[in-house]
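What follows is a short report on a single structure.
The structure displayed is predicted, hence computed values, not measured ones. We count ligands from 1, going down the list as the structure has it; atoms in each ligand are counted the same way.
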Amino acid sequence: IVKLTIDDKPVVVERGTTLLEAAKSIGINIPTLCYMKLEDLNFENKPGGCRVCVVEVEGRRNLAPACKTECSEGMVVHSHTVRVINARRTVMELILSDHPAECLTCAKSGNCDLQSMAQKLGIRELHYKGEQSRYKGDKSPAIIREMDKCIMCRRCETACNDVQTVGVLSAINRGFESVVAPAFEMDLDKSSCTYCGQCVAVCPTAALTERDSTWKVVEAIVNPQKTVIVQTAPAVRAALGEAFGMEPGTLVTGKMVAALKKLGFDYVFDTDFAADLTIMEEGAEILDRLSRHLNGDKEVKLPILTSCCPGWVKFFEHHFPEMIDIPSTAKSPQQMFGAIAKSYFAQQLKKKREDLVVVSVMPCLAKKYECTREEFQVNGDPDVNLSISTRELANLIRNANLDFGKLTDEDFDHPLGESTGASVIFGTTGGVIEAAIRSAYEMFTEKKLEKVDFLELRGMEGIRKATVDFDGLPINIGIAHGLGNARKLLEDIKAGKSEFHAIEIMACPGGCIGGGGQPYHHGDVEILKKRQKAIYAEDAGKPIRKSHENPYIQKLYKEFLGKPLSDKSHELLHTHYFD
Ligand code: HC1
Ligand code: SF4
């Protein structure tokens, strides 16, 4: 241990602790810009590049960056002297000197860490005028890069390279020419980017943002020729309230439905309905593979992997093409919803599929890409026409001048709005496999599952393992969230070392609650934990908590699909992958 003083307060810390952490431990808040740490999620960005966190250390000539400087015995540190404050202001002015001053129209205004730091440090005029970057960046189906707004904090690199192990982003060039970009400055859609959006989630400015489709949604709503249907993902209801100043973890399901109805959607349905449907198909597939395996069929591949996360799907298509026959063939709930809406529900409405516009509200940016994939279209008409993020929905609600906090709760429409607790937990890491087990257990053992909460599958550790007892048969379950963790499980499978029967993988840390389209967490991992708690609370409060007990799912099979894995189900609800 080492003893030192910061701002005249004594502090004792472990050797290796940085000045930033030591100060935090005694309640001294040193400002940071490029630095970001997400406890428990393997994310720590401390390039020491921006120099906003400099402090004065007695006996040293130069100011020291608190995020990079380790504490040493007897250090005397001052975090807010006039010299320090002047240095921070100069550093900020230099960063701002080559930054486009577009705050009035910038997508990130109000959520920009650079803007709030300029306010915090009281910058009112700029004494330097730097050269502007020549980079503009590119547009992919999900992500927009405006590299003239990049401040080289490297947070996106840490997310993409260290956490996700995708390795698309790195710094190129020097000086004003330096920028973070894919190799050879290719566009993101030419790279192996998964569109997970984790780079967007941590970007301090608008250098990385989502492709905004809110206006296309408005155009569809006001088009009298179109019937516009909206579906909302499980994780949206646990985070949307944050955009309106509510406590993280506030469930706003009823207010969200009310807002969507006021915005003019013809039908407000729930992706959760399709999550129940996914469990029917994926559960049947798991049992089919498992029983064939138990009967000694050597052709059967285990473990089976969940397939509802499009970032994860794109990851294994790029990085593990030799394993594309291992994941479940079940489409994601977003895509199952679109396929059912444009067939079964279109028939009920006596409309052609082209007359319907299906919009999804997702915590995710990869969903924007998923709905453009060719296999999810019929004669050029996509099953899901537009996908907007939680943030974009919040903007739509604001644009429409709705007082979100004061809306009276409303219910989803029927039939595609009915869901169970099992589907809600899809929104957090571990939830999909827990939902699958609740149904697969009953299908396999033909016994009633009394205890539906599988606490051993829950939590925030990056990789989790549990064995579930299927009436005497131990079923080994693996869970990974964050693509770096997924990679570890996949390498084990490749090496023949995997002991799992089934694995759930979600691309984003925390699962969909931590998606790249959610309200910004600004580095506070507690926000994700509160969203997770909210998801489990919604599940616990639901009258039906097993997907196969959803009466509208039962009706759908009776009237339309037949049974899970039927020919009709295969045609509408299953897919294939590309290497
Ligand atoms: Fe998800 Fe899913 S849970 S992928 O995280 O399987 O985005 O919320 O909608 O499709 O249901 C996201 C969330 C979401 C799908 C479901
Ligand atoms: Fe990397 Fe994900 Fe960003 Fe793509 S979206 S660049 S994979 S962090």
Is the CG atom of Asp381 crowded by more than 12 outside heavy atoms at less than 6.0 Å?
-> yes

Working for ring-ring contact (aromatic ring centres under 6.0 Å, His included), residues Phe578 and His576 = CA-CA 7 Å; Phe578 300 91; His576 48 277; 5.1 Å; yes

A student checking ligand 1 against Cys364 at a 4.0 Å heavy-atom cut-off should list atoms 7 (O)

Atom of Leu489, atom of Ala480 and distance for their closest heavy-atom approach = CD1-CB, 3.7 Å

Neighbour count above 12 (heavy atom, 6.0 Å) for Glu322 CD | yes

Proximal candidate to atom 16 (C) of ligand 1 [heavy atom criterion; set Gly427, Gly338, Pro333] | Pro333

Is it true that atom NZ of Lys530 has more than 12 heavy atoms of other residues, nucleotides or ligands lying nearer than 6.0 Å?
-> yes

The atoms of ligand 1 lying under 4.0 Å from a heavy atom of Gln334, numbered in the order shown, are 10 (O), 15 (C)

Any idea which atoms of ligand 1 are less than 4.0 Å away from a heavy-atom of Ala275?
-> 11 (O)

Face-on cation placement of Lys314 at Tyr195 ring, 6.0 Å and 45° thresholds = yes

May I ask you to decide if Ala207's main-chain N or O and Thr205's side chain share a donor-acceptor pair within less than 3.5 Å?
-> yes

Ignoring hydrogens and angles, tell me if any N or O in the side chain of Lys542 forms a donor-acceptor pair with the backbone of Thr420 under 3.5 Å.
-> no

Quick one: is the NZ or CZ of Lys465 closer than 6.0 Å to the six-membered ring centre of Phe500, and within 45° of its axis?
-> no

Interatomic spacing from CG in Leu407 to CD1 in Ile397 - rounded to 0.5 Å = 7.5 Å

Spell out the protein N/O/S atoms under 2.8 Å from atom 3 (Fe) of ligand 2 as residue plus atom name.
-> Cys199 SG

Pick, from Lys367, Lys331, Met362, the option with the minimum heavy-atom distance to atom 15 (C) of ligand 1.
-> Lys367

Interfacing atoms of ligand 1 (cut-off 4.0 Å, heavy-atom, Ser332) = 10 (O)

In terms of atom number and element, which parts of ligand 1 are under 4.0 angstrom from non-hydrogen atoms of Thr271?
-> 9 (O), 11 (O)

Here the atoms of ligand 1 under 4.0 Å from any heavy atom belonging to Cys308 are 4 (S), 6 (O)

Which of the ligand 1 atoms, numbered from 1, are nearer than 4.0 Å to a heavy atom of Phe426 | 3 (S), 6 (O), 11 (O), 16 (C)

Classify the ring geometry between Tyr267 and Phe345 as parallel (under 30°), tilted (30 to 60°) or perpendicular (over 60°).
-> perpendicular

Determine, using heavy atoms of Pro363 and all atoms of ligand 1, whether some pair is separated by less than 4.0 Å.
-> yes

Does Lys255 make a cation-pi contact with Phe244 (under 6.0 Å, within 45 degrees of the axis)?
-> no

Would you mind reporting whether Phe269 and Ile340 have side-chain heavy atoms less than 4.5 Å apart?
-> no

So the atoms of ligand 1 within less than 4.0 Å of a heavy atom of Ala233 turn out to be 8 (O), 9 (O), 13 (C), 14 (C)

Residue, atom and distance of the protein heavy atom nearest atom 12 (C) of ligand 1 read Cys512 SG, 2.9 Å

N/O of Ala235 under 3.5 Å from N/O of ligand 1, yes or no?
-> yes

Could you check atom 14 (C) of ligand 1 against the protein and tell me its nearest heavy-atom contact, residue, atom and distance included?
-> Pro234 CD, 3.7 Å

